[in-house]
Amino acid sequence: GFLFAEKCPTLPRTKFADVTAETYPLGTKLYYECDSGYMRRSGQYSGIWCQSIQHVASWVYKEFECIDEKILLSTAPTMGLDFTQKPERKTESPAPQRRENLSEFDQRDFCGPPKTIPHASLRLNNQYYVGQVLNFKCQSGYDKQSPTSGTSTCKKVNGKIIWTHLDVRCTNDS
């Protein structure tokens with residue numbers, strides 16, 4: 001049967017650090033957020049979910065698009081538009097899944113980086129699962145003490161789920 005992914009405790013806050021991840025364990029849900037000046041097309045769902053599809057960890061996407069607010073909010077009459085012209089489609093090739101460095105085992109249990117959506121960014125997740133590795137990097141200007149980057153992993157140790165110690169200190173003290 002399907003083992004439910006075990007949830008990690010809340011991630012300790014690291015001030016002045018950017019958090020990224022290369023891979024995500026099965027069960028992870030992430031959400032896109034439209035950049036400022038853009039709005040989600042109504043009725044669309046911004047979430048994606050890492051699931052096992054034919055024994056390969058894959059992101060499940062719904063249709064999601066961020067539209068320029070000026071276009072969305074313009075109340076100009078649309079009667080005069082000529083619809084014979086096809087709207088310009090940016091040829092969007094899905095972001096290549098960097099799979100080369102994932103072992104056979106990982107591919108069954110971890111999704112790679114999600115595809116990029118124009119004018120949208122991924123919201124930092126507040127719910128992680130065992131196996132998640134996060135990369136921390138001090139924001140520029142806050143990297144006064146070394147080390148300025150590192151990783152923390154969500155592991156199960158003696159039946160207790162913990163984040164491994166992160167030795168990154170990002171400070172803005174001059």
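Small disclaimer: the values here were computed from a predicted structure and weren't measured.
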Supply the members, apart from [X], of the Ile/Leu/Val/Met/Phe/Trp/Tyr cluster built from side-chain contacts under 4.5 Å; use none for a lone residue.
| X | answer |
| --- | --- |
| Leu166 | Leu11, Val19, Leu124, Tyr128, Leu134, Phe136, Trp163, Val168 |
| Val157 | Ile162 |
| Tyr45 | Tyr31 |

Taking every non-hydrogen atom, the tightest pair across [X] and [Y]:
| X | Y | answer |
| --- | --- | --- |
| Lys144 | Thr171 | CG-O, 3.4 Å |
| Gln51 | Val60 | OE1-CG2, 3.0 Å |
| Trp59 | Leu30 | CH2-CD1, 3.4 Å |
| Gly131 | Pro25 | C-CG, 4.1 Å |
| Cys8 | Gln127 | O-NE2, 3.6 Å |

Value rounded to 0.5 Å, distance of [atom1] in [X] from [atom2] in [Y]:
| X | Y | atom1 | atom2 | result |
| --- | --- | --- | --- | --- |
| His119 | Asp68 | NE2 | CG | 7.5 Å |
| Ser46 | Glu65 | OG | CD | 14.0 Å |
| Phe110 | Arg108 | CZ | CZ | 11.0 Å |
| Asp35 | Ser121 | CG | OG | 5.0 Å |
| Cys170 | Gln145 | SG | CD | 9.0 Å |
| Cys111 | Leu26 | SG | CG | 6.0 Å |

Tell me, please, which residues at least two apart from [X] pass side-chain contact (heavy atoms from CB on, under 4.5 Å).
| X | result |
| --- | --- |
| Asp167 | Pro147, His165, Arg169 |
| Gln139 | Phe16, Asp18, Tyr142 |
| Thr153 | Val133, Lys155, Thr164 |

Beyond-backbone contact of [X] with [Y], side-chain heavy atoms, under 4.5 angstrom:
| X | Y | result |
| --- | --- | --- |
| Pro9 | Ile161 | yes |
| Met39 | Cys34 | no |
| Pro114 | Tyr61 | yes |

Full working for side-chain contact (heavy atoms from CB on, under 4.5 Å) between Glu6 and Tyr129
CA-CA 5 Å; Glu6 295 183 275; Tyr129 296 94; 5.9 Å; no
Exercise for review: Treating Ile, Leu, Val, Met, Phe, Trp and Tyr as nodes and any side-chain heavy-atom pair under 4.5 angstrom as an edge, say whether Ile117 and Tyr24 lie in one connected cluster.
Suggested key: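 Per the 4.5 Å side-chain linkage, Ile117 and Tyr24 are co-clustered.
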Check your understanding: Are Thr20 and Lys137 close enough, and set up right, to give a side-chain contact (heavy atoms from CB on, under 4.5 Å), and what steps lead you there?
Key -> CA-CA 8 Å; Thr20 56; Lys137 191 175 187 325; over 6 Å; no
- request: Name the orientation class of the two ring planes belonging to Tyr32 and Phe64 (parallel below 30°, tilted from 30 to 60°, perpendicular beyond 60°).
  value: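 The arrangement is parallel - the two ring planes meet at less than 30°.
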